Peer 1: 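I have a structure here, written as structure tokens, and I will follow up with some questions on it.
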Amino acid sequence: MSGIELDGPRVHLRPVAEGDLGELSRLLREPGSAPWWTDASEAGLSTALIEAPDTTSWTVLIEGQIAGAVSAFDAGWPPGAYVGLAIALGDAWQNRGLGPEVLSLVIAHVAGERGVHRFSIDPAAANLRAIRAYEKLGFRPVGVTRQSEVAPDGTWRDCMLMDLLVGEFVNQAVVD
Ligand SMILES: CC(C)(COP(=O)(O)OP(=O)(O)OC[C@H]1O[C@@H](n2cnc3c(N)ncnc32)[C@H](O)[C@@H]1OP(=O)(O)O)[C@@H](O)C(=O)NCCC(=O)NCCS
């Protein structure tokens with residue numbers, strides 16, 4: 001997946017740079033994100049966003065400020081049969097429909113570039129806000145994957161695997 005810059009009505013995405021990690025680490029340790037991101041240290045973010053193989057990550061900018069990060073990574077078999085997604089925004093940017101807008105840009109870009117037919121995302125099963133936000137894009141719950149994610153406190157927790165077929169995609173990055 002190419003990490004080109006992407007623009008929506010309210011958000012701008014640019015490939016994650018090393019220099020973004022400090023601010024992203026601060027944002028992802030705010031109360032609204034901290035429970036849902038396993039390792040928000042700069043080293044952890046470098047591993048997840050920059051060094052992870054077959055992963056493309058973008059820094060999200062809103063109103064000229066770093067607001068969060070989003071990743072798309074090859075998943076399935078053969079590798080890249082479908083694409084997984086991950087996202088986190090800082091507290092100031094949550095609950096405003098911006099997460100679905102960001103994900104819409106990435107889904108439209110990857111589907112257009114690669115002809116990918118399926119996307120997946122797996123929030124913690126207790127992350128009801130994320131599940132609701134992803135449903136707005138057309139994601140459907142597949143089921144609970146047991147003890148499939150390490151929580152920030154080091155314990156295992158369940159996730160809600162969700163998937164989206166491109167024909168069901170409801171693009172949330174369109175101007176009214
Ligand atoms: C998850 C996230 C990307 C969603 O993006 P967002 O822009 O905040 O989401 P939206 O504002 O579009 O939608 C949130 C929805 O959840 C609902 N919601 C909020 N809190 C909720 C709760 N506790 N229980 C159920 N629904 C809730 C809102 O009412 C809204 O639904 P509506 O539009 O039908 O009213 C963003 O909140 C975020 O980055 N959170 C912190 C990190 C995180 O959880 N990342 C996900 C890891 S998989």
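Just so you know, ligand 1 is whichever comes first in the structure, and atom 1 is the first atom listed for that ligand. A quick note: this is a predicted structure, and the numbers were derived from the prediction, not measured.
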Peer 1: Do the side chains of Met162 and Leu164 join up, straight or via other hydrophobic residues, at under 4.5 Å, putting them in one cluster?
Peer 2: yes

Peer 1: For Asp122, which part has a heavy atom under 4.0 Å from ligand 1: side chain, backbone, both, or neither?
Peer 2: neither

Peer 1: Could you check whether Arg29 pairs with Glu23 (Lys NZ or Arg NE/NH1/NH2 to Asp/Glu carboxylate O, under 4.0 Å)?
Peer 2: no

Peer 1: Is Ile87 close to ligand 1, meaning an N/O of one under 3.5 Å from an N/O of the other?
Peer 2: yes

Peer 1: Return the residue, atom name and 0.1 Å-rounded distance of the protein heavy atom closest to atom 11 (O) of ligand 1.
Peer 2: Gly97 N, 2.9 Å

Peer 1: Write down the atom of Ser57, the atom of Leu49, and the distance for their closest heavy-atom approach.
Peer 2: OG-O, 3.0 Å

Peer 1: Testing the basics here: between Ile50 and Ala17, what is the closest heavy-atom pair and its distance to 0.1 Å?
Peer 2: CD1-C, 4.2 Å

Peer 1: Show the nearest heavy-atom pair for residues Ala173 and Leu105, with the distance to one decimal.
Peer 2: CB-CD2, 3.8 Å

Peer 1: Considering only non-hydrogen protein atoms, determine which one is nearest to atom 24 (N) of ligand 1 and report residue, atom name and distance to 0.1 Å.
Peer 2: Leu128 CB, 3.5 Å

Peer 1: Is ligand 1 less than 4.0 angstrom away from at least one heavy atom of Pro100?
Peer 2: yes

Peer 1: Out of Leu27, Leu89, Val70, who gets a non-hydrogen atom closest to atom 39 (O) of ligand 1?
Peer 2: Leu89

Peer 1: Is there at least one protein heavy-atom neighbour under 4.0 Å from atom 28 (C) of ligand 1?
Peer 2: no

Peer 1: Would you call Glu168-Arg140 a salt bridge at under 4.0 Å N-O?
Peer 2: yes

Peer 1: Any nitrogen or oxygen of Ser33, main chain or side chain, under 3.5 Å from a nitrogen or oxygen of ligand 1?
Peer 2: no

Peer 1: In the complex you have, is atom 19 (C) of ligand 1 within reach of the protein, judged by whether a heavy-atom distance drops under 4.0 Å?
Peer 2: yes

Peer 1: Main chain of Ala40, side chain of Ser25: is a donor-acceptor contact present, judged purely on distance under 3.5 Å?
Peer 2: yes

Peer 1: Number the atoms of ligand 1 from 1 as they appear, then name those within less than 4.0 Å of a heavy atom of Ala130, with their elements.
Peer 2: 1 (C)

Peer 1: Return yes or no for this condition: an N or O of Trp93 is under 3.5 Å from an N or O of ligand 1.
Peer 2: no

Peer 1: Tell me which protein heavy atom sits closest to atom 44 (O) of ligand 1, plus the residue, atom name and distance to 0.1 Å.
Peer 2: Asn127 ND2, 2.8 Å

Peer 1: Taking atom CG of Asn127 and atom CE of Met160, what is their separation to the nearest 0.5 Å?
Peer 2: 11.5 Å

Peer 1: Can a salt bridge be assigned to the pair Arg157 and Glu149 using a cut-off of 4.0 Å between side-chain N and carboxylate O?
Peer 2: yes

Peer 1: Does a side chain donor of either Ser120 or Asp163 reach within less than 3.5 Å of an acceptor in the other side chain?
Peer 2: no

Peer 1: With heavy atoms of Arg96 as the reference, note each atom of ligand 1 found under 4.0 Å away.
Peer 2: 11 (O)

Peer 1: Please report the shortest heavy-atom distance between Ala92 and Glu30, naming the atom on each side.
Peer 2: N-OE1, 4.5 Å

Peer 1: If you measure from atom 10 (P) of ligand 1 to every heavy atom of Arg129, Lys136, Gln172, which option wins on shortest distance?
Peer 2: Lys136

Peer 1: With atom 16 (O) of ligand 1 as the reference point, say which of Met160, Glu101, Arg132, Gln94 has the nearest heavy atom.
Peer 2: Arg132

Peer 1: Verify the cluster assignment for Val166 and Leu103: are they in a single hydrophobic cluster under the rule of side-chain heavy atoms below 4.5 Å apart?
Peer 2: yes

Peer 1: Are Leu137 and Leu89 grouped together when hydrophobic residues (ILVMFWY) are joined by side-chain heavy atoms under 4.5 angstrom apart?
Peer 2: yes

Peer 1: Tell me which protein heavy atom sits closest to atom 48 (S) of ligand 1, plus the residue, atom name and distance to 0.1 Å.
Peer 2: Tyr134 OH, 3.4 Å

Peer 1: Return the residue, atom name and 0.1 Å-rounded distance of the protein heavy atom closest to atom 9 (O) of ligand 1.
Peer 2: Ala133 CB, 3.6 Å

Peer 1: When you measure from the heavy atoms of Trp37 to every atom of ligand 1, does any distance fall below 4.0 Å?
Peer 2: no

Peer 1: Going by the atom numbers of ligand 1, which of them fall below 4.0 Å from some non-hydrogen atom of Trp36?
Peer 2: 43 (C), 44 (O)

Peer 1: What closest approach, in Å, do Leu98 and Val11 show between heavy atoms, and which atom pair accounts for it?
Peer 2: CD2-CG1, 3.8 Å

Peer 1: Does any N or O atom in Leu98 lie less than 3.5 angstrom from one in ligand 1, N or O only?
Peer 2: yes

Peer 1: Would one find an N or O of Gly99, backbone or side chain, under 3.5 Å from an N or O of ligand 1?
Peer 2: yes

Peer 1: Give the residue, atom name and distance (to 0.1 Å) of the protein heavy atom nearest atom 8 (O) of ligand 1.
Peer 2: Asn95 N, 2.7 Å

Peer 1: Check ligand 1 against Pro123 and write out every atom of the ligand that is under 4.0 Å from a heavy-atom position of the residue.
Peer 2: 48 (S)

Peer 1: Of all the atoms in ligand 1, which lie at a distance below 4.0 Å from a heavy atom belonging to Gly32?
Peer 2: 41 (C)

Peer 1: Which heavy atom of Leu85 sits nearest to which heavy atom of Phe139, and what is that distance?
Peer 2: CD1-CZ, 3.9 Å

Peer 1: Could you check whether atom 37 (O) of ligand 1 has a protein contact, counting only heavy atoms that fall below 4.0 angstrom?
Peer 2: yes

